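Take a look at the structure below.
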Amino acid sequence: MLKIIISGCSGRMGQVIASLADADSNIEIAAGFDVNAVKKNDFPVYSSPMEYTGDAEVVIDFSSPAALDALIAYAKAKKIPMVLATTGYTPKQEEQIIEASKFVPVFRSANFSIGINLLEDLVKRAASILGKDFDIEIVERHHRNKVDAPSGTALMLARAATEGRPDADNYVYDRHSVRQSRADSEIGISAVRGGSIAGDHEVIFAGLNEVIEIKHHAASREVFATGALRAARYIATVTEPGMYSMKDLIASI
Ligand SMILES: NC(=O)c1ccc[n+]([C@@H]2O[C@H](COP(=O)([O-])OP(=O)(O)OC[C@H]3O[C@@H](n4cnc5c(N)ncnc54)[C@H](O)[C@@H]3O)[C@@H](O)[C@H]2O)c1
């Protein structure tokens, strides 16, 4: 039995995690954390993590960068591993997360789908093989309520392309503000927001006479929730503090 806490439990992803965990007889939801502490499920919900005095083996967080300070303080005080799925952290918060990983195991991924993590490898390989003759552009699409842009996954894919082709390291988010043709070093990143799109990512390698597109389509939020619960099962068994990722999870399967 895995005893979890869901941070951001009143939100869209928190609710999907709660319903998958409810349906799994090997998972118990000990509590939920959310500033919007409405009770939608059978577990207790706290607006501040420190209010919860019971135990748990792992915290799964799909909330907001605003929740980070309280969450880290809680995880360090209780020595409890964290699965951090929230995106849109500032560079200073990224440093805070690395610092926290010196005290507790921290599992992070901007995208918990196994497919996207395969895509990351494919993008790295394609960028390396195709080289400078192919311009790289990334297009991501998400639902109308997503607040950060571009998505953490688009940035993750851009970094994978740069790993494959180190000269392509200039990420361009806004072609509207400058009137000039693109440089070889650019990776253009465009964000589309609308309707209920769970998350689509497309990496375009545009050459002179051919175009290669590598795409991922998330049909529902369940794909992220399933991955986060697998990550929670994995990180609950880890005893060494440190940063862990989907690569560690995949290697452990
Ligand atoms: N890594 C992934 O695979 C993945 C997938 C989907 C979404 N996400 C990310 O997860 C986050 C949540 O997404 P969502 O669609 O569920 O958003 P949402 O807005 O539906 O839910 C967020 C929840 O967090 C709560 N919250 C906000 N500030 C808080 C705080 N300071 N303390 C505690 N709770 C707080 C809100 O009340 C809300 O209930 C976003 O950052 C999103 O980008 C990551």
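Just so you know, ligand 1 is whichever comes first in the structure, and atom 1 is the first atom listed for that ligand. Residue numbers start at 1 and run along the sequence shown. These figures come from a predicted structure and were not determined experimentally.
- Against a heavy-atom cut-off of under 4.0 Å, S64 is close to the following atoms of ligand 1: 27 (C), 28 (N).
- Every N/O-N/O distance between F62 and ligand 1 stays at or above 3.5 Å.
- Within ligand 1, the atoms closer than 4.0 Å to a non-hydrogen atom of S109 are 1 (N), numbered from 1 in the order shown.
- At a 3.5 angstrom cut-off on N or O pairs, F112 counts as close to ligand 1.
- Here is the list of ligand 1 atoms found below 4.0 Å of a heavy atom in N36: 37 (O).
- Close contacts of ligand 1 with A66, meaning ligand atoms under 4.0 Å from a residue heavy atom, involve 31 (N).
- Comment: E120 does not engage R125 in a salt bridge, judged by the lack of any side-chain N to carboxylate O separation of less than 4.0 angstrom.
- When only interatomic distances are considered, the shortest N/O to N/O separation between K146 and ligand 1 falls below 3.5 Å.
- In terms of protein heavy-atom proximity, atom 36 (C) of ligand 1 is closest to D34 OD1, 3.4 Å.
- At least one heavy atom of A110 lies less than 4.0 angstrom from ligand 1.
- Each of the atoms 26 (N), 27 (C), 28 (N), 29 (C), 30 (C), 31 (N), 32 (N), 33 (C), 34 (N), 35 (C), 37 (O) of ligand 1 lies under 4.0 Å from some heavy atom of V35.
- On a distance-only criterion, G14 and ligand 1 share no N/O pair closer than 3.5 Å.
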